[in-house]
Colleague: 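First, the structure itself, so that you have it in front of you.
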Amino acid sequence: MKIGITGDTHGSQKAMRQIAQLTPPVELWLHTGDHSADANFLETLTDIPVIRVEGNCDHDGLAKPDEFLEKEGFSLWLTHGHKYFHYHEVSELVWWAHQLEARIVIYGHTHIPMNKWYGDVLLINPGSPSRPRGGSRPCFAVLTLQEGKQPQVEFIEL
């Protein structure tokens, strides 16, 4: 299963159009928040369902703060992350992942792409297609899951 991941889009329809043009075939989209309403536009552009969460810049009530999914034998936790770590100490997300029994944490907020294992927990941040930080380039991610195999993450730059 291939899952497209974006977030921290901050209302950029230009970035959303670029994502739609560059995306390999995916079965599902995840949006990590901060203008979660962009998920509607992405779904319209790609005709692929989008699951979204609320970011610290979202105040429209369109999304929940967290979503939990089971895909290909993996437990995924989708969150913006701002409520679960401070000062970019993303290792706090690992503690929460253990409490919530999630093996893969997909989060946003930092606008910095990440694909890193912390023991038995994989943290994935797709970066930001519209407002990258930390020297990163505008991008999004594609997560490939296959039961019994290691998850694979690819970052695609705009």
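These numbers come from a predicted model, not from an experiment.
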Colleague: Under the salt bridge (Lys or Arg N to Asp or Glu O under 4.0 Å) rule, what pairs show up with a residue in residues 89-105, not counting sequence neighbours?
Modeller: none
Colleague: Quick one, Trp77 and Tyr84 - any side-chain contact, counting heavy atoms below 4.5 Å?
Modeller: yes
Colleague: Suppose the criterion is salt bridge (Lys or Arg N to Asp or Glu O under 4.0 Å): which pairs have a residue in residues 7-35, not counting sequence neighbours?
Modeller: none
Colleague: Find the distance between CD1 (Ile3) and OG1 (Thr144) and round it off to the nearest 0.5 Å.
Modeller: 8.5 Å
Colleague: Tell me which pairs pass salt bridge (Lys or Arg N to Asp or Glu O under 4.0 Å) where either residue lies in residues 104-119, with sequence neighbours left out.
Modeller: none
Colleague: What residue pairs, at least two apart or across chains, pass ring-ring contact (aromatic ring centres under 6.0 Å, His included) with a residue in residues 1-28?
Modeller: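 Passing the test, one end in residues 1-28: His10-His111.
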Colleague: Find out whether Asn125 and Pro113 are in side-chain contact, i.e. whether some heavy atom of one side chain is under 4.5 Å from a heavy atom of the other.
Modeller: no
Colleague: Residues two or more places apart in sequence or in another chain: which of them pass side chain to side chain contact (heavy atoms under 4.5 Å, CB included) with Pro151?
Modeller: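 Per chain and number, Pro151 pairs via side chain to side chain contact (heavy atoms under 4.5 Å, CB included) with Phe74, Ile104, Trp117, Leu122, Leu143, Leu145.
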Colleague: Checking Thr79 now: which residues fulfil side chain to side chain donor-acceptor pair (under 3.5 Å) with it, not counting sequence neighbours?
Modeller: Asp66
Colleague: Look at atom CG of Asp47 and say whether more than 12 heavy atoms of other residues, nucleotides or ligands are closer to it than 6.0 Å.
Modeller: no
Colleague: List in chain and number order the residues that pass side chain to side chain donor-acceptor pair (under 3.5 Å) with Ser91, two or more places apart in sequence or in another chain; answer none if no residue qualifies.
Modeller: none
Colleague: How many angstroms lie between atom OG of Ser130 and atom CD of Gln13, to the nearest 0.5 angstrom?
Modeller: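 So the gap between those two atoms works out to 12.0 Å.
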Colleague: Between Met1 and Leu28, is any pair of side-chain heavy atoms under 4.5 Å apart?
Modeller: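 Met1 vs Leu28: side chains touch.
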Colleague: Hydrogens and angles aside, do Asp58 and His35 bring a side-chain donor and acceptor to less than 3.5 Å of each other?
Modeller: no
Colleague: Are Trp96 and Leu78 connected in the hydrophobic side-chain network, where two residues link if heavy atoms are under 4.5 Å apart?
Modeller: no
Colleague: Can you tell me how far NZ of Lys2 sits from OG1 of Thr23, rounded to the nearest 0.5 angstrom?
Modeller: 11.5 Å
Colleague: Tell me, please, which residues at least two apart from His98 pass ring pair (Phe, Tyr, Trp, His ring centres under 6.0 Å).
Modeller: none
Colleague: Verify the cluster assignment for Ile106 and Ile112: are they in a single hydrophobic cluster under the rule of side-chain heavy atoms below 4.5 Å apart?
Modeller: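 No.
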Colleague: Mind checking what makes side chain to side chain donor-acceptor pair (under 3.5 Å) contact with Asn115, not counting sequence neighbours?
Modeller: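 Not a single residue meets the side chain to side chain donor-acceptor pair (under 3.5 Å) criterion with Asn115.
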Colleague: Tracing side-chain links under 4.5 Å among I, L, V, M, F, W and Y, which residues wind up in one group with Phe140?
Modeller: Met16, Ile19, Leu22, Val26, Trp29, Phe41, Leu42, Leu45, Ile48, Val50, Val142, Ile156, Leu158
Colleague: Do Arg133 and Thr110 have side-chain heavy atoms sitting under 4.5 Å apart?
Modeller: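 Not touching, per the 4.5 Å side-chain cut-off.
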Colleague: So which atom in Thr9 and which in Pro129 form the shortest heavy-atom distance, rounded to 0.1 Å?
Modeller: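 Scanning both residues completely, I find the closest heavy atoms to be CG2-CG, 3.6 Å.
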Colleague: For the side chain of Ser12 and the backbone of Ala15, is there at least one donor-acceptor N/O pair under 3.5 Å apart?
Modeller: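 Here the side-chain-to-backbone pair exists.
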Colleague: Just so I know, are the side chains of Glu70 and Ser75 near enough to count as touching, which here means a heavy-atom distance under 4.5 Å?
Modeller: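 Side chain of Glu70 against side chain of Ser75, heavy atoms only: contact under 4.5 Å found.
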Colleague: Can you tell me if His109 uses its side chain to pair, donor with acceptor, with the backbone of Gly81 under 3.5 Å?
Modeller: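 Not a single qualifying donor-acceptor pair exists.
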Colleague: Looking at CZ of Arg52 and NE2 of His80, how far apart are the two atoms once the value is rounded to the nearest 0.5 Å?
Modeller: 15.0 Å
Colleague: Please identify each residue that fulfils salt bridge (charged side-chain N to carboxylate O under 4.0 Å, His left out) with Glu157, with sequence neighbours left out.
Modeller: Arg137
Colleague: Taking only residues two or more places apart in sequence or in another chain, which ones pass side chain to side chain contact (heavy atoms under 4.5 Å, CB included) with Leu123?
Modeller: Val90, Leu93, Val94, Val105, Tyr107, Met114, Tyr118, Val121
Colleague: Identify the two heavy atoms, one from Ser36 and one from Ala63, that lie closest to each other, and give their separation to 0.1 Å.
Modeller: OG-CB, 3.9 Å
Colleague: Should Thr6 and Cys139 be marked as a side-chain contact (heavy atoms from CB on, under 4.5 Å) after you check the CA-CA gap, both sets of side-chain angles, and the distance that decides it?
Modeller: CA-CA 8 Å; Thr6 192; Cys139 66; over 6 Å; no
Colleague: So do the side chains of Leu100 and Phe68 get within less than 4.5 Å of each other, counting heavy atoms only?
Modeller: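 Yes - at least one pair of side-chain heavy atoms lies under 4.5 Å apart.
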Colleague: Is it the case that the side chain of Glu54 and the backbone of Pro65 share a donor-acceptor pair, with hydrogens and angles ignored and the cut-off at 3.5 Å?
Modeller: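 Side chain of Glu54 to backbone of Pro65: no pair is present.
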Colleague: Determine whether Asp38 and His31 satisfy the following criterion, side-chain hydrogen bond (donor to acceptor under 3.5 Å, both in side chains), listing intermediate values before the conclusion.
Modeller: CA-CA 8 Å; Asp38 290 341; His31 192 290; 4.7 Å; no
